[in-house]
Amino acid sequence: MVREVSAQNSAPSTEQFMNALGTCAVGMNVKLEGNLLGSIKSFYEGTRTQGRMSLQNAPEFLNLFPENERSKAYTLYVSCVMKILGHSQSLPGNICTQEVINKCAEDARSDPLSAISSCNRVTECDPDNHLAYSRLGQAYRALRRLQEAETSMQKQLSIGQRIPDQGIISSAYYNLGTLYFSKDAYEMAEVYAKKSLEHNEKSSNRPGMGANYKLLGDIYIKRGSAGTAELYYTKSIEAFRGSTDKRGLGGAYGGYSYARYVQGDRSSACTYLSKALSLYQEIDFVKGVGDTQQNMIKARCNSL
């Protein structure tokens, strides 16, 4: 979140401001730069301060969450800061209400049109909200508005590169990989998946690595190379096992089962479908349960 700050009344003191940031995101990285004389409070009030201030805050704790949960974590973080500072109803400009932020975070797949409306409003009040651009990209992709999807993902990437932030960069590259996968452009999908993997390895982001390996496995399945896909799915399983992302692990099990199935090993395929089903039932992932049960029927697992 990078924001130009202008003078306004009723601002928090320096102590209050830093307390809110620290309380809501222990371990975050806060950077102040520019020709700034005086306290943050005096800057807000327009007294005893000269020049320009740029506040960059990169909540490193977001990297602890699976990529598909980071938007929700960021929403809770923003809400926490606003409540501490006494602005729980809205963010600057009175357009980023909590309801709008939640819709942007939650509707990208279930209601992409609503997500586009909500996320565009979020980017109006917070132009550097990388998670909003990530969700915009996913929503546009779901509607097959692929050029708009790529534009949003590239904006997410540019924010990550400017900060810089490994987590944002890796997420943007992953999104671009999935976009090119949906275009059947598997060579470019692989390029972006491997770029994302490189950044996730640097930050030891195991859920991110698991997602990258899963995407690479999917790419090689589409290319007709089930053996190579199996190797990537195996790496995906290993990465997800070292994290708390059970939904991601279920997806890796599903990918591995398909790779074994197309190679004629129906027994192993059904074993891993069963593993995926158990995980999805445990976390109450309804779509995952339904899809896996259908795949078990297709593989005739009940006849083994």
Side-chain angles (χ1 to χ4, degrees), residues 1-3 21-22 24-31 54-81 101 104-106 108-109 119 122-123 126-139 141 149-180 189 191-216 235-236 238-249 251-252:
M1 181 174 67
V2 181
R3 194 189 309 283
L21 296 179
C24 295
V26 175
M28 71 184 302
N29 175 31
V30 178
K31 178 182 178 183
S54 172
L55 170 64
Q56 170 184 302
N57 100 39
E60 295 177 353
F61 75 94
L62 291 178
N63 291 331
L64 300 174
F65 296 90
E67 195 276 335
N68 64 339
E69 296 290 338
R70 290 179 192 169
S71 185
K72 185 180 294 185
Y74 180 78
T75 297
L76 294 173
Y77 160 70
V78 171
S79 176
C80 173
V81 172
I101 294 172
C104 174
E106 297 170 2
R109 295 178 184 173
C119 293
V122 172
T123 60
D126 187 359
D128 289 319
N129 190 314
H130 62 93
L131 290 167
Y133 285 117
S134 175
R135 292 299 183 260
L136 271 173
Q138 292 171 19
R141 186 186 66 196
E150 183 163 8
T151 298
S152 297
M153 294 169 184
Q154 289 290 354
K155 285 182 179 179
Q156 181 194 12
L157 178 60
S158 67
I159 292 168
Q161 290 172 331
R162 186 174 70 248
I163 292 177
D165 184 286
Q166 298 279 358
I168 299 173
I169 294 169
S170 66
S171 173
Y173 280 140
Y174 174 78
N175 285 338
L176 287 163
T178 61
L179 175 66
Y180 277 90
V191 168
Y192 281 121
K194 288 183 174 178
K195 282 178 177 287
S196 178
L197 177 61
E198 179 182 350
H199 287 277
N200 280 321
E201 287 176 336
K202 287 179 181 178
S203 59
S204 299
N205 179 2
R206 296 191 69 84
M209 292 164 60
N212 296 145
Y213 286 129
K214 169 65 165 55
L215 177 56
L216 287 165
K235 290 183 177 182
S236 179
E238 292 172 355
F240 278 125
R241 277 178 175 165
S243 76
T244 58
D245 189 349
K246 293 183 179 181
R247 181 168 167 174
L249 179 57

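Bear in mind the structure is a predicted one, so any value in this text is a computation, not a measurement. We number each residue from 1, following the sequence as shown.
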Is the closest basic N to carboxylate O distance between K202 and E198 below 4.0 Å?
-> yes
Taking all atoms of both residues into account, what is the closest heavy-atom pair of I169 and L157, and its distance?
-> CG2-CD1, 4.0 Å
Who are the salt bridge (charged side-chain N to carboxylate O under 4.0 Å, His left out) partners of E238, not counting sequence neighbours?
-> none
Going from CG on L136 to SG on C104, what distance comes out if it is rounded to the nearest 0.5 angstrom?
-> 6.0 Å
Mind checking the OH-CZ spacing from Y180 to R141? Nearest 0.5 Å is all I need.
-> 13.5 Å
From R241 atom CZ to S236 atom OG, the distance as rounded to the nearest 0.5 Å | 10.5 Å
When every non-hydrogen atom of Q156 is compared with those of I168, the smallest separation belongs to O-CG2, 3.5 Å
Atom of A252, atom of F240 and distance for their closest heavy-atom approach | CB-CD1, 4.0 Å
Test item: L176 and Q154 side chains (from C-beta on) under 4.5 Å apart, heavy atoms | yes
Side chains of Q138 and R135: does their closest heavy-atom pair fall under 4.5 Å?
-> yes
SG/C119 to CG/N129 distance, rounded to the nearest 0.5 angstrom?
-> 8.0 Å
Pairwise distance OH(Y213) to OG(S196) - rounded to 0.5 angstrom = 11.0 Å
Which atom pair, heavy atoms only, marks the closest approach of L215 to A193?
-> CD2-CB, 3.8 Å
For L179 against E150, the heavy-atom pair lying closest together = CD2-CB, 3.5 Å
Quick one: salt bridge (charged side-chain N to carboxylate O under 4.0 Å, His left out) partners of K246, sequence neighbours excluded?
-> E282
With sequence neighbours left out, what residues match K195 under side chain to side chain contact (heavy atoms under 4.5 Å, CB included)?
-> Y173, V191, Y192
Atom pair NZ/CG of K214 and N212 - distance to nearest 0.5 Å | 12.0 Å
